**Student:** 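Before we start, here is the structure in question, set down as structure tokens.
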Amino acid sequence: MEQMAHDISEILRQQFLLHFFTIFICLDHIWLLRWDRAGLVVSEPFNFAEEPQHLYTFFYRFACMDDVQRGRDPTVVPASEAEVKVMRSIDQFDSAWHKTQYTATMTAGWPIYKVLIPEEDVISTAELSEGRKDRADSELSEGRERGFLVGKPYFMSDSPTGRGTRGYIAYDVAEHRLVFLKEYWRLDAPTYHPEGEVYLRLHSKQVPYIATPVAAGDVLDATGGMHHTRAQDFFPDPPPKLIQYRIILEEIGKPLEEYETSFELMSAMYCCIYAHMKAWTEGEVLHRDISRANLLMYPYRNDDGEIEWLGLIVDWGLCKYKDELGLPQVQNTRSGTWQFISAVLLAHPGVFPHAVWHDLESFIHVLHWLCLRFHKTNYTESDDNRESLLKRVDAVYDHSNKTRNGISVGGQEKLALMQDGTLPFKLVAGSTGQSGPGLYRLLTDLSALCKEHYKWLKPQLPTATPEEEKEEGQGQPQRSRSRLLPPRRNVVSAVGPTISEAPAQPVLENHTKILDVFETMSQGKWIPDKKIEDQFAHSNTTMDQQVKLKRSSEESISLDERPGKRIRSPTGSASVSIAPQLGSISENLKG
Ligand SMILES: *[C@@H]1O[C@H](CO)[C@@H](O)[C@H](O)[C@H]1NC(C)=O
Ligand SMILES: *[C@@H]1O[C@H](CO)[C@@H](O)[C@H](O)[C@H]1NC(C)=O
Ligand SMILES: *[C@@H]1O[C@H](CO)[C@@H](O)[C@H](O)[C@H]1NC(C)=O
Ligand SMILES: *[C@@H]1O[C@H](CO)[C@@H](O)[C@H](O)[C@H]1NC(C)=O
């Protein structure tokens, strides 16, 4: 079964399929299987020698079906030769990185397809500032479609079930430009907000450093049929179905981990936290999935026409609106990407509702994780330490075990770090020990905030758990503060947050203190820390392979954690169904 699940996931990665049939044969017994993103439906086994008619019937019916009935997605068609030629002719790119990525989409072995998007899914500038789609306008354009050409995906899920997210750097035929196309299967639940809707809301409130949607919507056939899953109906207490969803974004962001200087890293994170604050205070939207994959860098052009890489926060698929956070069906959930979920949500599931500070803590975990990966720490001093580094990363970010009722818990190491106000590593060289703006100061100031916050939190915690070289930037002129950064703030204390013996404050409850830290860092002369080679890069030990495997299957999860119900963690088994009780989905959680 595991082999078959793997093969199916490969097929789903390479083709545009909505569902899929397979036959499993063991000696003289046969099982018929139907796969879709909600799970796998398996027939009762039958003995082929004794009851061959079942197989004959299956094949007869299969032969009578057309390709769409067999699972082909009719909204994706092969691109014409002329279209492919135009696509290949593109030679204007936002950056060298964009060029490399775009070229990679046209790799041999990946035919170019045209994804058809109905004209009524296109979002106009007026609709963006209005914050909603103009339905009357949509009716006019009924039936018309826009084509987006795609080749090899930029990223894709490797699980046969779940959201099945695929991202493409696509060519927009109508506008003759490159855009980002993402398709996935969204949950059909009342408090689930399709990303297009969230972007409209955020844009109407002028939230900065977010992507601009070009088009978004549930996928419909030419016949008006919606693409949704059926496997969920076979569960005793059926969870919501999944609906295929596409969103096209104007911005193609570069992963945060591709930052070149520590200053760039800090600036990008600053922008993302600022955007997160605006989304919350103005848009009343809480992101709930802050991870290294959802924080990007984007080349913004300043007044002098120069490019500056700043932050871009994406993937609002797991967000909730402020007025929903108190609802029972929202309160008892945990969402995010395991490695970056806050310590208490991992260690004490179901105790704390997901609030602003959990996301702020996730930003800090992302920063720590990137420092371990790309900066000189006490772990990188010698080669022998590579293994201890990976062990440490595993213990802090990946570790999980299950309680008796099957709920995944983890985060014990993170919790200890937060409470002590310490880092999972010691930064070496660069800005270490310097009081001026630099990574060291940023990290220590943030840790001080965490310590204070967790001191305040302590009474609320359950007592028992449920079970030397050329320095970067040398010779660079002192930079003045970029005007593209978030507007200047009035920071009261210029020298880090003061931690007194007085009753601890929930300093991460809102964005004020954390933004103060970043604001302080964005002024004055930044002390650089050189980015070094990827410390998590593949080497040949089994340990490494395990870590690598886990990372490749690192995906967002949204878990329903009603007490006593099973959920799966990143180290769970290679199970291929939505647990029937979930009422929510979890992604490829192969360990
Ligand atoms: C590195 O520093 C961290 C934080 O001080 C410490 O917990 C860890 O044991 C150190 N590891 C090594 C290998 O020196
Ligand atoms: C989970 O693992 C951690 C660290 O190995 C351990 O301290 C904790 O007791 C374990 N929890 C359960 C519920 O087994
Ligand atoms: C943030 O919280 C602090 C208390 O922790 C409060 O004094 C401050 O006014 C809050 N700021 C905003 C913008 O709500
Ligand atoms: C890992 O293995 C590959 C081939 O199996 C080899 O070329 C490479 O040098 C090895 N790397 C290390 C760090 O040992």
Side-chain angles (χ1 to χ4, degrees), residues 205 207 273-286 322 325 343 355-361 364-365 367-397 399 411-433 439-440 442-444 446-460 486-493 497-500 502-519 529 532 535-536 541 543 547:
K205 304 288 181 190
V207 176
I273 297 173
Y274 186 78
H276 187 273
M277 183 271 282
K278 284 286 183 189
W280 175 247
T281 56
E282 312 281 323
E284 308 201 328
V285 175
L286 186 61
K322 200 176 199 167
L325 291 174
V356 169
W357 69 267
H358 296 106
D359 275 8
L360 296 182
E361 187 184 320
I364 296 171
H365 293 312
L367 180 63
H368 290 174
W369 191 89
L370 287 171
C371 287
L372 277 164
R373 189 166 168 191
F374 293 114
H375 288 278
K376 258 201 165 143
T377 65
N378 60 341
Y379 289 98
T380 40
E381 299 281 63
S382 80
D383 281 351
D384 305 346
N385 280 331
R386 181 68 70 96
E387 199 161 318
S388 63
L389 169 68
L390 294 170
K391 268 205 186 104
R392 183 74 171 143
V393 170
D394 187 63
V396 178
Y397 301 100
H399 176 81
Q412 287 88 1
E413 290 284 328
K414 271 188 199 163
L415 192 57
L417 292 168
M418 292 285 121
Q419 287 177 322
D420 297 346
T422 50
L423 299 168
F425 54 86
K426 277 199 199 79
L427 202 63
V428 170
S431 61
T432 305
L439 258 192
Y440 177 78
L442 176 64
L443 290 165
T444 42
L446 292 175
S447 292
L449 288 181
C450 293
K451 185 177 184 180
E452 169 90 358
H453 191 85
Y454 269 79
K455 200 169 149 197
W456 164 80
L457 191 71
K458 189 127 204 253
Q460 300 173 47
R488 214 176 251 280
R489 309 167 54 77
N490 268 325
V491 181
V492 187
S493 84
T498 49
I499 306 300
S500 63
Q505 298 297 311
V507 287
L508 291 176
E509 191 178 46
N510 61 34
H511 301 76
T512 309
K513 293 276 181 186
I514 194 169
L515 283 172
D516 285 354
V517 170
F518 277 88
E519 167 65 20
D529 286 87
I532 60 171
Q535 297 301 302
F536 298 176
T541 67
M543 178 71 211
V547 171

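In listed order, ligands and their atoms are each counted from 1. Values in this document were obtained by computation on a predicted structure and should not be read as measured data.
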**Student:** Do W369 and V393 touch side chain to side chain, with heavy atoms closer than 4.5 Å?
**Tutor:** yes
**Student:** Nearest to atom 3 (C) of ligand 1, what protein heavy atom do you find, and at what distance?
**Tutor:** N378 ND2, 3.5 Å
**Student:** Taking all heavy atoms of R489 and all of T512, pick out the closest pair and write down the distance.
**Tutor:** NH2-O, 3.4 Å
**Student:** With a cut-off of 4.0 Å, which atoms of ligand 1 are near a heavy atom of L423?
**Tutor:** 4 (C)
**Student:** Using a 4.0 Å cut-off to any heavy atom of T512, which atoms of ligand 3 qualify?
**Tutor:** 1 (C), 11 (N), 12 (C), 13 (C)
**Student:** Among all protein non-hydrogen atoms, which one is nearest to atom 5 (O) of ligand 3, and what is the separation to 0.1 Å?
**Tutor:** E509 OE1, 4.0 Å
**Student:** In the protein, which heavy atom is nearest to atom 7 (O) of ligand 1, and how far is it?
**Tutor:** R392 NH2, 4.0 Å
**Student:** Just go through L515, N510, V507 and tell me whose heavy atom is the nearest to atom 1 (C) of ligand 3.
**Tutor:** N510
**Student:** I'd like to check P486 versus F518 (side-chain heavy atoms, cut-off strictly below 4.5 Å). Are they in contact?
**Tutor:** no
**Student:** Please give me the minimum heavy-atom distance between P487 and E519, naming the atom from each residue.
**Tutor:** O-OE1, 4.3 Å
**Student:** Can you find a pair of side-chain heavy atoms, one from F425 and one from C371, that are under 4.5 Å apart?
**Tutor:** yes
**Student:** Does the side chain of H368 reach to within under 4.5 Å of the side chain of L423, using non-hydrogen atoms?
**Tutor:** yes
**Student:** List the closest protein heavy-atom neighbour of atom 8 (C) of ligand 1: residue, atom name, distance to the nearest 0.1 Å.
**Tutor:** Y379 OH, 3.4 Å
